[in-house]
2 protein chains.
Amino acid sequence: MLNRSSGTPTLEEVAALAGVGRGTVSRVINNASGVRESTRRAVQRAIDELGYVPNLAARSLAGQRAGAVALVMTKTDWRLFGEPFFSEIVSAVGDALDERGVQLLLTLVRTDSERQRLLEYVRGGRVDGVLLMSVSAEDRLPDMLADAGVPTVLLGRRSGDERVTYVDADNVGGAREAVGHLVRGGRTTIAAITGPPEMYVAQCRLRGYREALREAGFAELPSLVAQGDFTEASGRRAMTGLIERHPEVDAVFAASDSMAAGALAALHTAGRRVPKDVAVVGFDDFELAEQTEPPLTTVRQPMEEIGRAMVRLLLEEMSSPKVAWHHVILRTRLMVRGSG
Amino acid sequence: MLNRSSGTPTLEEVAALAGVGRGTVSRVINNASGVRESTRRAVQRAIDELGYVPNLAARSLAGQRAGAVALVMTKTDWRLFGEPFFSEIVSAVGDALDERGVQLLLTLVRTDSERQRLLEYVRGGRVDGVLLMSVSAEDRLPDMLADAGVPTVLLGRRSGDERVTYVDADNVGGAREAVGHLVRGGRTTIAAITGPPEMYVAQCRLRGYREALREAGFAELPSLVAQGDFTEASGRRAMTGLIERHPEVDAVFAASDSMAAGALAALHTAGRRVPKDVAVVGFDDFELAEQTEPPLTTVRQPMEEIGRAMVRLLLEEMSSPKVAWHHVILRTRLMVRGSG
DNA sequence: AATAAAGTTGGGAGCGCTCCCAGATGCCCG
DNA sequence: CGGGCATCTGGGAGCGCTCCCAACTTTATT
């Protein structure tokens with residue numbers, strides 16, 4: 001009985017209308033090769049006429065795959081959602097996935113029970129792979145997923161020898177470029193405000209700062225490095241201390257825009273003019289960066305590319321038995337604005 | 001052949017282990033009635049032993065429903081994601097849905113093509129219902145979904161006579177309470193900074209302001225009402241104009257926290273002290289509100305309840321043939337902080 | 001022109017689950 | 001102690017699709 005013209009049309013109905021078999025229609029909608037062009041067109045016409053949309057459930061059931069991947073973010077990420085940083089990645093990931101006909105499941109992991117549920121989800125075959133937004137160094141989730149045999153790609157890495165596939169920006173290079181820019185601008189006493197030392201990304205950015213100073217032939221004063229925790233308040237505090245210790249400071253590299261904004265505030269309070277007296281450079285290119293007074297010079301990560309790379313690696317890992325960890329490091333770009 | 005002990009266990013394997021039929025296991029995992037307690041326990045034991053997780057795809061295919069709902073947000077919403085406003089709703093929605101075993105699909109609709117894709121998705125039966133975050137007045141998406149026969153619930157309404165099920169906060173009441181608070185604080189020249197007049201939510205908040213003035217027996221001066229567009233910059237501009245026109249202004253009700261923050265900045269520039277010279281009250285209770293100097297007194301919407309109500313209405317509409325539009329208006333709460 | 005080698009196509013056999021009905025079982029009452 | 005009714009339980013019939021192999025066409029080769 002194929003003539004029930006009610007409800008959503010099925011593949012079988014398309015086949016009947018086009019006068020071909022199910023297999024052929026399946027090949028057409030999956031863009032598989034081995035279909036004569038004329039046949040393909042006929043099938044396509046039938047699809048359009050019926051307004052056929054493949055049933056996802058049937059597809060996953062028969063195909064033994066979910067046709068969906070999870071984009072997991074932790075509580076912390078959630079906060080940052082409004083930032084271009086994340087929304088751009090999510091957009092890029094969404095686009096790239098859509099092109100492949102893979103569904104994106106945005107998943108929020110805040111508590112341990114939610115983490116457990118994710119694991120269950122994944123093991124239950126509801127998703128074929130997992131994309132993890134920034135994970136902290138002590139988070140074992142990536143390893144658990146890997147152990148469960150689930151294709152996984154990380155955004156950023158937890159340490160220098162990450163054993164899971166990841167995509168990261170060139171934090172060292174970005175920081176070096178930023179500080180190099182300060183050097184070329186004639187600054188001679190360049191301070192740094194770093195992130196938590198246990199975070200790999202903070203280590204990288206600090207390393208870039210050091211390398212740039214060395215390249216410039218500057219001595220490296222430990223007292224010129226103040227530690228923050230990536231928040232605005234910590235940036236303010238760090239900058240205040242820096243001014244006290246080194247009143248002669250004429251530039252500062254902050255390892256995040258938030259801290260740079262804090263530094264800006266502290267400099268303002270201390271009566272220093274930016275960029276005249278002190279140049280400030282941040283990192284991330286958050287929304288915030290364009291709204292500060294003056295607008296922040298900062299290092300931008302190629303979000304679009306990062307998102308696309310993550311998807312590419314994940315799909316690769318999904319299709320072929322995992323043979324290796326892939327690591328992709330993407331170049332950053334210095335956005336020169338008013339602050340330095 | 002049931003003894004292939006490889007891969008994910010199936011319902012059939014659970015049934016075999018428990019010594020019952022498929023139907024019984026199905027009843028147990030779906031919490032259906034009509035299973036003897038002893039049988040239920042035996043099945044549960046088998047489920048635990050095998051670590052059985054139902055296959056979602058098979059379930060939707062057989063059950064003729066997707067078991068998922070989409071939470072749709074527009075480009076604008078995306079921006080606001082970091083705000084408690086949205087993340088709280090998403091959390092609440094996610095929790096409520098999880099309890100019902102329904103999957104949440106976070107969907108981003110930025111372009112027309114994405115809007116088209118959503119429609120296709122929905123029509124393709126990939127989701128059973130749609131939750132729409134703030135939609136603008138001229139957006140026809142809700143109607144299109146309704147026409148397609150898809151259960152839909154809106155957050156907020158597009159106009160006074162919205163013909164789709166929605167959940168909204170009591171914007172009028174919230175504004176009235178905020179302005180009433182200003183009145184009780186002894187303020188006599190209370191200005192308002194409104195949102196775009198074509199937005200229903202802006203109209204409501206303005207109405208609340210007017211009602212409160214009327215209640216207090218104050219005359220309503222049109223020149224005391226300045227228009228903004230919910231952004232910080234517009235709030236700053238509006239406040240500057242207000243100060244020029246009415247140097248005697250001693251309080252301002254801003255229809256959003258962002259605009260209130262802008263007003264704060266403008267007042268600061270003009271040398272007015274807050275709350276001594278001018279009291280400021282916002283609306284939304286965004287993250288921002290606690291960080292301003294001084295912290296912003298504002299109107300908070302019951303996000304948790306809003307999210308839960310949306311889910312409840314959606315599930316209701318999904319299970320029963322749509323017979324009526326449901327409208328739920330939730331009470332707001334005035335958060336009194338330092339600014340007024 | 002015959003035969004081999006590609007290139008195409010149809011459709012059977014499930015994927016794991018829900019729905020639903022027939023059959024089995026248990027229980028109460030006369 | 002048997003009939004009748006309510007309560008449980010088993011399993012057949014799909015849900016719509018992909019995979020895959022056999023069958024059929026077309027084209028190239030000798």
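Computed from a predicted structure; not experimentally measured. By convention in this document, chain letters (A, B, ...) are assigned in the order of the sequence lines, proteins followed by strands, and residues within each chain are numbered from 1.
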Is the phosphate of C:dT9, meaning OP1 or OP2, less than 4.0 Å from a side-chain N or O of A:T24? no

Looking at every strand, decide which applies to A:G19 at a 4.0 Å heavy-atom threshold: base, sugar-phosphate, or nothing. sugar-phosphate

State which residues pass salt bridge (Lys or Arg N to Asp or Glu O under 4.0 Å) with B:R45; sequence neighbours excluded, sorted by chain then number. none

Supply the atom-to-atom distance B:N55 CG to A:S60 OG, rounded to the nearest 0.5 angstrom. 8.0 Å

Nearest-Å distance, CD (B:Q64) to C1' (D:dG16)? 9 Å

Comparing nearest nucleotides in DNA chain D, the 5'-proximal residue of the pair B:V20, B:L61 is B:V20

Kindly give the heavy-atom pair with the smallest separation between B:A92 and B:R308, and that separation in Å. CB-N, 4.4 Å

By salt bridge (Lys or Arg N to Asp or Glu O under 4.0 Å), B:R41 pairs with (sequence neighbours left out) B:E37

Starting at the 5' end of nucleotides 17-27 of chain C, put B wherever the base has a protein heavy atom under 4.0 Å, S where only the sugar-phosphate does, and a dash everywhere else. BB-B-------

At how many degrees, to 10°, do the end axes of the helix from C:dA1-D:dT30 to C:dG30-D:dC1 meet when each uses five pairs? 40°

Do B:R157 and B:Y166 get their side chains close enough for a donor-acceptor pair, meaning under 3.5 Å? yes

SB check A:D168 A:R158 (cutoff 4.0 Å): no

Indicate every side-chain donor-acceptor pair of residues 19-29 of chain A with a distance under 3.5 Å to a residue at least two apart or in another chain.
from, atom 1, to, atom 2, distance (Å)
A:S26, OG, A:N30, ND2, 3.4

Under the salt bridge (Lys or Arg N to Asp or Glu O under 4.0 Å) rule, what pairs show up with a residue in residues 49-68 of chain B, not counting sequence neighbours? none

Give a yes/no answer on whether the side chain of B:S60 brings an N or O atom under 4.0 Å of OP1 or OP2 in D:dC15. no

